[in-house]
Amino acid sequence: MTKELPKAYDFKATESRIYAMWEAGGYFQPWNDPNKPGFDPSIKPFVISIPPPNVTGELHLGHAMFVSVEDLMIRYHRMKGIPTLWVPGTDHAGIATQLMVERDLLKNEEVTREELGREEFIKRTWEWKRKYGSIITNQIRRLGASCDWTRERFTLDEGLSRAVREAFVRLYEKGLIYRGPRLINWSPGLKTAVSDLEVEYEEEDATLYYFKYKLKDSDEYIPVATIRPETILGDTAVAVHPEDERYKKFIGRTAIVPILGREIPVIADEYVSMEFGTGALKITPGHDPNDYAIAQRHGLPIISMLDAEAKVNENGGKYKGQDRFEARKNLWADMKAAGLVIKEEPYRTTIPRSQRGGEIVEPMISTQWFVKIEPLAKAAIEAVKDGRIRIVPERFEKVYFNWMENIKDWCISRQLWWGHRIPVWYCPEGHMTVAREDPTECSTCGSKDIHQDEDVLDTWFSSGLWPFSTLGWPEETPDYKYFYPTSYMETGYDILFFWVARMIMSGLEYTGQVPFHTVYLHGLVRDEHGQKMSKTKGNVIDPLIVMDEFGTDALRFTLLVGSTPGNDMNLSVKKVEANRNFANKLWNAGRFVISAVGTLGDGQWGMGDQSAKPPAYTLADSWIWARLQGLIRDVERQFQNFQYGQAGQQIYDFLWSDFADWYVEIAKEQLRNAETRLQTAETLARVFDICLRLLHPFTPFVTEELWGHLRSALLDSPLSHLAKDWGEALIVARFPEPREPEGWEEAKIADFELIQEIVRSIRNLRAEKNVAPARKIAATISAGNKLDLLESQKAVIASLAGLDQSQLSILQSLNEKPADSAILVVGAVEIYLPLAGMVDPAEERARLEKELKETEAHIARLEKLLASDFAVKAPPPVVQKERDKLAAYKETAGKIKAQLA
RNA sequence: GGGCGCUUAGCUCAGUUGGUUAGAGCGUCUCUCUUACACAGAGAAGGUCAGGGGUUCGAGUCCCUUAGCGCCCACCA
């Protein structure tokens, strides 16, 4: 006897215990490990690198989503018997972490990072990381992530830092990294350069300022419009279109910069649009990318007029020291006073804002480090084009190509402290020493007076190396040799460019191989109405709270089922609740199966007669088995096609509808019968076992728990042979293998479906007539050629339809119709339910007539169909199916007509 | 300005080689605390699959087109 399991699944008592069991049991580590004895290099592993969450992060639904999907992929492959490795780790997240520590310092110690100094600040940040870095990884554990924590990495740890240096130096030596002054995106709040990707363009209300650009020695002027008047201070030309009749005459003349009085040329450039604005353009090469390009073409000087905090610098005359917006106001007022203003008008335009701080990004000239990206991009495009990398869903390949083909050089230096410091040293002579190991002298002149570049690298530079740096690269470690390249890269489509594209480029460049062969992109999780979750909107769903309330399995199942690759999903707590109910349903189905197995050997049912010939399986036994085989085939196909949601949905439906609603109900009856008891318990156990295996990648906790109970129940029972080879934990049990359908399956399914229809039609009528569910009623069935089938299923029909079996007679045909009966027709089967006092002949007639009408409509439709080209052009099996349907309808119609006659 | 996605039951969504009565969950209505489960069971109502056109024997599914919504990319002051 197994001990009684609680009526409701208690996930709280289960999850942490199960997870600890897995982790302690070493199940998360690949069974074929190149660092251990007995390693076989010929077995191909399945590998995923985790998208490393920010080390300072707190769990959100994005994490829950990727963990759910990746853990499903990993568990599925592990259960297929493949050596499986999921490498976990965290990202140092330069800007995010630095900001967080700075804020903390300011709050708690009222000290800025500058006051603290670089060295001390970094020390503090490491302390912070040590203190809080495990929060996120523990939260990921809570989601059930079966990653190999013995291989956990951090982007700033020693090995990865070595990888970053190696990568930098190699690129530099190849001439693919260069340093120089360029127009970059400057974030004045963060006081650092950011890459193009880190700038977000939002359409906002702005003002378009029109003013006069006076010409030298003349009263004439060129009208010019701008959104940022303060940049007038950095103007080095006024440009017009060469064919513009209005301004042609001014080309080559000199204009006077308002207030400053500087003299600048009027130039002609075809970039200028005659239709837009005033048709004349002020050129500020130091603070605008287009102007910068024009200045390059015309050899114009470039003036920077803002400092690192976006305050006007010495080039701005009397506005020096003013903030850019302050200067805008003041300059404009002065120009107004000077009579240079034409007008202002409201204008909608896109404003560049920092992805991180949110403040307006300023284009500025600055000396930074860049990666020459084109050769890298070319190889990365090729890898997807020739199929070495497949992107799922496929439409993102187009997005990928579009971005890669228009990619610009990547600004990789950041004026931050928290990150990988650029491995370049300068001597007083200005020589650069680029080295893998910290040098002690200048490699050119030997000077000992060298200092390292102050900047750190963009965080994405190190995450771009993640799939191989975590495995030991640049060392040819056993892990690297065996597990690289990895298999799937699973992540959100929102970081396709930031991360995926860069991993592909760097993987190809440094390792000469694609870092993974499949990219699977999931969508974003939104709230139940499709709104982006945000703290300000207050619609954030916290996965931790959801897990507390409904359990991890419920959350995982919700995220996996009902969403489609690459599509955003709307999540509501209601859905999670529904899936908590599913976990509970599974639990209780399990309790039933376990108790059925557990009571086998106790003699209560007079069992133990091993000499008796094992009886044939019942129709229900065969049916559920056949349905299960179909399910296994479907699930396998869907896993191959990345249709995890579909697969989960189908398992859900099978479990709830086929297994629980039908088979379990029938099993209750079969368990009461000594002849069918053993086989029923066996079928219950075998089917349920397979369900648990199929479901385990989706809902690992409840399945593992139940499987353990089922296993021990079986081992204590006459069915112990079933569990003999099960092993100790479901996590490493074999995933069901699909089999070719056997010949008998289809017929058994059809037979059972007839029984289902009969039962359903009786239930339906009972409900219609308000027959109390507990009331057993009599019935007479005219079975025609289904006599044998129905006779064999008599007990099933009786118990499921609430009939009194002793008053249920099944005959081939009736000589006389029972009086006072409701009549149901299912194909060729007629069912008479003597419901004295409840049957109104007129009502009955009306019901039958309605049914006849419906049936005849079907017949007409099918006859028409079969008379059309369909019969000749459609594939024969499809046509045959319709013919069979028609025959069934005709039979029904015939029976009803006879009743009505 | 390009590109992509979405539009299916009151709500949120599935529906991948096109197969003929379109599914689920939640919600609604009626019964039932039946010895796995009321986090449940039985039954029911509810959709011209955004509009239009086309291909096909057959279209929610493929093609074209229109509209609405959303997203990504892009240097028009």
Side-chain angles (χ1 to χ4, degrees), chain A residues 5 7-9 201 208-209 224-228 231 239 271-273 275-284 288-293 347 349-350 363 393 395-396 398-399 402-403 406 493-494 496-497 523-524 528-530 550 554 558 561-564 566-572 574-575 577-596 637-638 641-643 645-646 649 652-653 656 660-661 664-665 668 760 763-768 770-774 800 802 854 857-858 861-862 865 868-875 877-879 881-882 885:
Chain A
L5 299 172
K7 273 179 116 166
Y9 169 53
Y201 294 86
L208 192 54
Y209 299 86
V224 175
T226 181
I227 286 168
R228 299 182 293 158
T231 61
Y271 169 78
V272 182
S273 157
E275 293 77 38
F276 192 84
T278 64
L281 189 59
K282 63 190 269 315
I283 304 298
T284 321
D288 183 285
N290 299 313
D291 295 4
Y292 183 79
Y347 188 67
T349 189
T350 49
R395 65 172 187 274
F396 283 102
K398 207 168 164 181
V399 180
N402 183 266
W403 187 75
N406 298 297
Y493 65 76
D494 53 326
L496 177 62
F497 305 143
L524 272 37
E528 61 186 310
H529 301 294
F550 301 113
T558 306
V561 174
S563 72
T564 310
N567 281 16
D568 293 351
M569 87 167 294
N570 298 355
L571 180 78
S572 74
K574 282 261 177 211
K575 283 188 195 170
E577 186 183 0
N579 287 320
R580 183 272 318 260
N581 295 352
F582 174 60
N584 193 243
K585 184 76 182 179
L586 181 70
W587 176 258
N588 277 292
R591 284 175 69 216
F592 178 81
V593 174
I594 289 161
S595 81
R637 199 189 63 240
Q638 280 150 348
N641 297 330
F642 303 95
Q643 295 173 254
Q646 266 316 99
Q649 186 64 51
Y652 178 106
D653 290 340
W656 204 308
D661 290 345
V664 165
E665 290 308 315
K668 287 175 184 171
R760 269 196 278 255
R763 284 171 173 175
N764 190 317
L765 188 96
R766 290 177 63 121
E768 204 177 294
N770 275 320
V771 179
L800 294 184
E854 280 168 16
H858 284 303
R861 181 177 56 79
L862 286 170
L865 178 67
S868 72
D869 277 0
F870 171 78
V872 287
K873 295 204 176 173
V878 175
V879 178
K881 217 174 110 194
E882 299 308 316
K885 272 195 233 168

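Values below: all heavy atoms of this structure, side chains included; hydrogens, waters and symmetry mates excluded. Every value quoted in this text rests on a predicted model; they were computed, and no experiment measured them. Chain letters run A, B, ... following the sequence lines, proteins first and then strands; every chain starts at 1.
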Ignoring hydrogens, what is the shortest heavy-atom contact between [X] and [Y]? Give both atom names and the distance.
X: A:G802; Y: A:R766; answer: O-NH1, 2.7 Å
X: A:Y493; Y: A:G523; answer: CE2-CA, 3.6 Å
X: A:T284; Y: A:T231; answer: CG2-O, 3.3 Å
X: A:L524; Y: A:D568; answer: N-OD1, 2.9 Å
X: A:L5; Y: A:R591; answer: O-NE, 3.3 Å
X: A:K7; Y: A:N584; answer: O-ND2, 4.1 Å

If we take the [atom1] atom in both [N] and [M], what is their distance in whole Å?
N: B:A22; M: B:U61; atom1: C1'; answer: 11 Å
N: B:G47; M: B:G23; atom1: C1'; answer: 11 Å
N: B:U8; M: B:G52; atom1: P; answer: 15 Å
N: B:G46; M: B:C11; atom1: C1'; answer: 13 Å
N: B:C72; M: B:U66; atom1: C1'; answer: 23 Å
N: B:A67; M: B:G53; atom1: C1'; answer: 15 Å
N: B:G18; M: B:G60; atom1: C1'; answer: 10 Å
N: B:A40; M: B:G27; atom1: P; answer: 10 Å

Close N/O contacts between protein and nucleotides 56-61 of chain B (under 3.5 Å):
from  : atom 1 : to     : atom 2 : distance (Å)
B:C57 : OP1    : A:K873 : NZ     : 2.4

**OP:** Please figure out whether A:M569 or A:N764 has its closest RNA chain B nucleotide nearer the 5' end.
**Re:**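 Result: A:M569.
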Original post:
Within a strict 4.5 Å, meaning less than it, do heavy atoms of the A:I227 and A:L208 side chains meet?
Top reply: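 The answer is yes; the side chains approach within 4.5 Å.
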Original post:
Hey, are the side chains of A:R395 and A:K398 touching, using non-hydrogen atoms and a 4.5 Å cut-off?
Top reply: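 They are not in side-chain contact.
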Which whole-number value in Å describes the distance from [X] [atom1] to [N] [atom2]?
X: A:L862; N: B:G19; atom1: CG; atom2: P; result: 17 Å
X: A:Q638; N: B:A14; atom1: CD; atom2: C1'; result: 11 Å
X: A:Q643; N: B:U17; atom1: CD; atom2: C1'; result: 11 Å
X: A:E577; N: B:C11; atom1: CD; atom2: C1'; result: 15 Å

Original post:
Just by modelled atom types, is the A:N567 backbone N or O under 3.5 Å from a matching donor or acceptor in the A:T564 side chain?
Top reply: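 No: the side chain of A:T564 does not pair with the backbone of A:N567.
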Original post:
Donor-acceptor pair, A:D288 side chain versus A:N290 backbone, under 3.5 Å?
Top reply: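 Yes, A:D288 side chain to A:N290 backbone: donor-acceptor pair under 3.5 Å.
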**OP:** On the 0 to 90° scale, with breaks at 30° and 60°, tag the A:W656-A:F582 ring pair as parallel, tilted or perpendicular.
**Re:**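 The rings of A:W656 and A:F582 lie parallel, inter-plane angle below 30°.
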Original post:
Looking at residues at least two apart in the chain, or sitting in another chain, which of them share a side-chain contact (heavy atoms from CB on, under 4.5 Å) with A:P289?
Top reply: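 side-chain contact (heavy atoms from CB on, under 4.5 Å) list for A:P289, sorted by chain: A:L183, A:P363.
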Original post:
Distance check: side-chain N/O of A:R395 vs OP1/OP2 of B:C4, anything under 4.0 Å?
Top reply: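 Answer is no, no contact under 4.0 Å.
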Subject >> A:S572 vs B:C11: side-chain N/O to OP1/OP2 distance below 4.0 Å >> reply: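 No, outside the criterion.
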**OP:** For nucleotides 25-37 of chain B, just jot down a letter per nucleotide in 5' to 3' order: B, S or -, based on protein non-hydrogen atoms under 4.0 Å.
**Re:** SS----SS---BB
Original post:
Taking protein heavy atoms under 4.0 Å as touching, what does nucleotides 71-77 of chain B look like 5' to 3' if B marks base contact, S marks sugar-phosphate-only contact and - marks none?
Top reply: --S-BBB
Original post:
With A:N579, which residues qualify under side chain to side chain donor-acceptor pair (under 3.5 Å), at least two apart?
Top reply: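 Counting only residues at least two positions away or on another chain, A:N579 forms a side chain to side chain donor-acceptor pair (under 3.5 Å) with A:T558.
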Original post:
To the side chain of A:N567, which of B:C6, B:G19, B:C4 is closest?
Top reply: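 It is B:C6.
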Using a 4.0 Å heavy-atom cut-off across all strands, classify [X] as base, sugar-phosphate, or nothing.
X: A:E768; result: nothing
X: A:R766; result: nothing
X: A:R763; result: sugar-phosphate

Original post:
Can you find a side-chain donor-acceptor pair between A:Y271 and A:D291 that sits under 3.5 Å?
Top reply: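 Judged by distance alone, the side chains do not pair up.
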Original post:
Taking a pair as Watson-Crick (N1 to N3 plus N6-O4 or O6-N4) or G-U wobble (N1-O2 and O6-N3), both under 3.5 Å, which stems of 3 or more consecutive pairs involve RNA chain B?
Top reply: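 For RNA chain B the paired stretches long enough to count as stems (3 pairs minimum) are B:1-7 with B:67-73, B:10-13 with B:23-26, B:28-32 with B:40-44, B:50-54 with B:62-66.
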Original post:
Got a second to check how far A:R637's CZ is from A:Q646's CD, nearest 0.5 Å?
Top reply: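 If I round to the nearest 0.5 Å, the distance is 9.0 Å.
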